[in-house]
Amino acid sequence: MTLTIYNSLSRSKEPFETIDPGKVKMYVCGPTVYDSCHIGHARSIIVFDVIYRYLAFAGYDVTYVRNFTDIDDKIINRANEIGMPPAALAEKYIQEFYVDMDALNVLRPTEEPRATGHIGNIIRLIEKLVEKGIAYAAGGDVFFSVDLFDGYGKLSGRKLDDMEAGARVEIDTRKKNPFDFVLWKASKPGEPEWDSPWGKGRPGWHIECSAMSKDILGESLDIHGGGKDLIFPHHENEIAQSEAASGKTFVKYWVHNGFVNINHEKMSKSLGNFLMIKDILKTYHPEAVRLFLLSHHYRTPVDFSDEAVRNVAGGLDKIYTLLERVEKFLGQLPVTGADQYASLSGAAKDFWSQFTSAMNDDFNTAQGIGVLYDAVRNLNKLLDSCEKSDSGNPDDAENRRTVFNECLAILKIGNILGILSQPPNDYFARKKEAVLERQSVDAGLIEALIQERKDARKSKDFKKADEIRDRLKAMNIEIEDRPEGTVWKVMS
RNA sequence: GGCGGCAUAGCCAAGUGGUAAGGCAACGGCCUGCAAAGCCGCUAUUCUCCGGUUCAAAUCCGGAUGCCGCCUCCA
């Protein structure tokens, strides 16, 4: 089955055919680095991280570019507020961005250009537009003339005539059309500035992406992604600039992810309900955040609530519990590697093929996660029968092969989704640490209580044993009496 | 005013013409000293409502209601 992708431009799913066979040129709008990243950034970046992983897995040679907008009004304003040079502020948040992304197990793109590293290219692109008569200078600024680009509005479905000029933004009288947007902005005293044919200034937001994508990927891209809110005006303007300059189709597939709401409300400054990644990760395991975001189709809105994430975190525990079980059974977990796909057989192969079918249908990770849980249940069942010597396949070697295979399929699915990346012990240990720290509970105390309970059980004092168990439960600690001894876990 | 989206069980959520995935929660069973974990079973004759097309509709078309987003920096 071939990959189909929903294209915002045609508003329909289309078969994915790359410009150059076997190669994918993908550009995704990265953050403007003036503040910490919030859960909305996380969704966008995780969605495209999974798309990147999947395309690479599918055998494409993917060049993935994600930029940093490191010069912008917001950065300058914020820098002035706190009395910091704009460049230093940008650098600070770029470093913070990497901390968040590494924590979320996001792969580094092929290239991560910064706007300030492409000023020369940006100026050349603007010059080209001015030469073509599509852009015009006015008092140190340069504007793009939307009336002179025929396709303006084709991505967002807007017609210039239908839009309310000046409805929410003051009309600049120097503009020929109120919807003309700025390509180059004259600098005010004390602001970061670069020399240009129009005087000292800095680039407008939209032109940065057009210039950087062109420099690194060329005039035509396969995929351009970003949040839904970027469709207008940002991506509409990118199309206008790039296509006006090159005369070629800028992007084949426009991919946009939906928003994250918080308790049914949009994140906004006025509500003060921005959830920053670094704060969320204090409470939830990063893979739980990934699994939560990916359990909704990327184009639909997601409502973030503690209850919803906690439910998903429970599901992740379940999968790691299985991995722990497999590790015990096999001695070690299978290692994922591209060459091992061929070895998948039987049920493992079926699950894997169901997963890729889901992914081939416009990256339907929600459906794919359903397959993952099916595979988990199946493998648990198999281990149940393996552990009972009187039933199941008596051939131990055959059982081990099957367990290995099915576990490999699960890990491969996890690898595409960017989860199940840790040894189960580390996963549970990390959860334990987080909770113990939050509740200031001592692990030694827990061990002591478990030992005390063990003694009580040995002497058949079940009343006392149950009391200890209740006491641990009150501490959010759950215990399991396994054949090999009692283990404890933190409840999600 | 213009453009667009969504409505599926107690909750979350897939499913875009062939007879309702999955997760969480609840309940019954196996297992267990009792639990937990795991497994099995059970949980939507039905997909906001009203019409229409079709042998066949949650899926397509028309209408109604409700919720939401974009048009301003925004992932």
Side-chain angles (χ1 to χ4, degrees), chain A residues 8 11 13 28-32 34-35 37-48 72-74 77 153 156-159 161-165 167-170 179 205 225-234 236 256-261 264-269 291-292 295-297 299-303 305 307-318 321-322 324-325 354 358 361 364-374 376-385 387-388 457 460-463 465-466 469-470 473 478-483 486-489 491-492:
Chain A
S8 302
R11 290 155 208 267
K13 286 185 196 172
V28 174
C29 290
T32 299
Y34 72 107
D35 203 348
C37 285
H38 53 65
I39 183 70
H41 293 108
R43 185 182 193 193
S44 180
I45 285 157
I46 288 168
V47 161
F48 290 102
D72 181 86
D73 285 353
K74 290 195 293 286
N77 293 341
S156 57
R158 284 163 224 277
K159 293 186 179 69
D161 300 341
D162 292 338
M163 292 193 279
E164 282 185 88
R168 300 172 83 170
V169 70
E170 212 176 310
F179 291 101
W205 176 37
K228 255 193 169 83
D229 53 327
L230 294 179
I231 291 174
F232 191 89
H234 188 52
E236 193 69 67
H256 294 100
N257 65 275
F259 269 38
V260 179
N261 297 126
H264 306 291
E265 285 177 324
K266 189 192 163 174
M267 277 192 284
S268 73
K269 295 222 160 69
L291 189 61
F292 168 72
S295 67
H296 303 66
H297 186 91
R299 282 187 279 119
T300 63
V302 170
D303 191 57
S305 68
E307 192 195 358
V309 184
R310 227 179 293 125
N311 285 346
V312 169
L316 187 62
D317 280 358
K318 178 178 174 156
T321 302
L322 168 72
E324 198 175 41
R325 206 178 166 191
Q354 283 171 43
D361 182 14
N364 194 335
T365 52
Q367 193 169 57
I369 288 167
V371 176
L372 175 61
Y373 282 117
D374 283 339
V376 167
R377 193 190 325 109
N378 196 262
L379 184 47
N380 263 316
K381 203 194 295 189
L382 177 63
L383 286 164
D384 277 358
S385 77
E387 283 163 6
K388 285 182 191 165
R457 290 180 74 209
K460 306 278 185 209
D461 186 354
F462 296 123
K463 188 165 175 280
D466 291 350
R469 183 168 60 203
D470 290 343
K473 198 168 184 179
E478 197 157 66
I479 55 176
E480 291 177 31
D481 295 326
R482 295 186 187 175
T486 301
V487 298
W488 61 279
K489 279 181 180 164
M491 293 190 277
S492 284

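Computed from a prediction, not measured in an experiment: that's the story for all the values here. Below, chain A is the first sequence line, B the second, and so on; all start at residue 1.
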| said: I'd like the C1' distance from A13(B) over to A20(B), given in whole Å. | reply: 13 Å
Name the nucleic acid region contacted by Gly157(A), choosing base, sugar-phosphate or nothing; use a 4.0 angstrom heavy-atom cut-off, strictly under.
sugar-phosphate
**Q.** Spacing of the P atoms in U43(B) and G2(B) (rounded, Å)
**A.** 48 Å
Separation of G41(B) atom P from Asp384(A) atom CG, nearest Å, is 13 Å
Atom NZ of Lys266(A) and atom P of C67(B) are separated, to the nearest Å, by 19 Å
In whole angstroms, the gap separating C1' of G69(B) from NE2 of His264(A) amounts to 16 Å
| request: Pick base, sugar-phosphate or nothing for Asp466(A), based on heavy-atom distances below 4.0 Å to the nucleic acid. | output: base
Could you check whether the side chain of Asn261(A) and the base of C67(B) have a donor-acceptor pair of N or O atoms closer than 3.5 Å, going by distance alone?
no
Electrostatic pair Lys473(A)-Asp470(A), nearest N-O below 4.0 angstrom
no
Any N or O donor-acceptor pair linking the side chain of Arg325(A) to the base of G38(B) at under 3.5 Å? no
(message) Once you apply a heavy-atom cut-off of 4.0 Å, does Ala366(A) come out as touching a base, just sugar-phosphate, or nothing?
(response) base
At 4.0 Å (heavy atoms only), tell me whether His297(A) reaches a base, stays on the sugar-phosphate, or touches nothing. sugar-phosphate
Check: What is the nucleic acid contact for Arg457(A), judged by heavy atoms within less than 4.0 Å: base, sugar-phosphate only, or nothing?
Finding: base
Separation of G69(B) atom P from His256(A) atom NE2, nearest Å, is 18 Å
What is the nucleic acid contact for Arg299(A), judged by heavy atoms within less than 4.0 Å: base, sugar-phosphate only, or nothing? nothing
Review point. Judged by modelled atom types alone, do Asn257(A) and Arg43(A) share a side-chain donor-acceptor pair under 3.5 Å?
Key: no
(message) In whole Å, measure the gap between the C1' atoms of C30(B) and A35(B) for me.
(response) 15 Å
- Query: Asp72(A) and Thr32(A): side-chain donor and acceptor closer than 3.5 Å?
  - Reply: no
Check: Salt-bridged, Asp466(A) to Arg469(A), with N to O below 4.0 Å?
Finding: yes
**Asked** So is Arg158(A) actually on top of Phe232(A)'s ring, under 6.0 Å and inside 45° of the axis?
**Response** yes
Taking a pair to mean Watson-Crick or G-U wobble geometry with both distances below 3.5 Å, C49(B) pairs with G63(B)
Q: Under 4.0 Å between any heavy atoms, over every strand shown, what does Gly370(A) touch: base, sugar-phosphate, or nothing? Just pick one.
A: base
Touch class at under 4.0 angstrom, heavy-atom based, for Val260(A) against every strand present: base
Euclidean distance for P, C6(B) against A21(B) (whole angstrom):
22 Å
- Does any N or O donor sit under 3.5 Å from an N or O acceptor when you compare the side chain of Arg469(A) with the base of A35(B)? yes
Using a heavy-atom cut-off of under 4.0 Å over every strand shown, decide if Asn364(A) touches base, sugar-phosphate, or nothing.
sugar-phosphate
Under 4.0 Å, heavy atoms only, any strand: does Tyr373(A) hit a base, just the sugar-phosphate, or nothing? sugar-phosphate
Span that lies between the C1' atom of A58(B) and that of C24(B), in whole angstrom = 23 Å
Asn311(A) atom CG is separated from G22(B) atom P, nearest whole Å, by 17 Å
U65(B) and C50(B): how far apart are their C1' atoms, nearest whole angstrom?
11 Å
Using a heavy-atom cut-off of 4.0 Å across all strands, would you classify Ser156(A) as base, sugar-phosphate, or nothing? sugar-phosphate
Practice task
Assign Ile479(A) to base, sugar-phosphate, or nothing according to its heavy-atom contacts below 4.0 angstrom with the strands shown.
Solution key: base
| message | Taking any heavy-atom pair under 4.0 Å as a contact, classify Lys489(A): base, sugar-phosphate, or nothing. | response | nothing
- Task: For G15(B) versus U54(B), give the span between their P atoms, rounded off to a whole number of Å.
- Result: 28 Å
Could you check whether Lys489(A) pairs with Asp317(A) (Lys NZ or Arg NE/NH1/NH2 to Asp/Glu carboxylate O, under 4.0 Å)?
no
Rounded to whole Å, the CZ-C1' distance (Phe259(A) to A75(B)) equals 6 Å
- Query: Distance between the C1' atoms of G1(B) and U8(B), in whole angstroms?
  - Reply: 33 Å
Whole-Å distance, Arg43(A) CZ to G69(B) C1', equals 13 Å
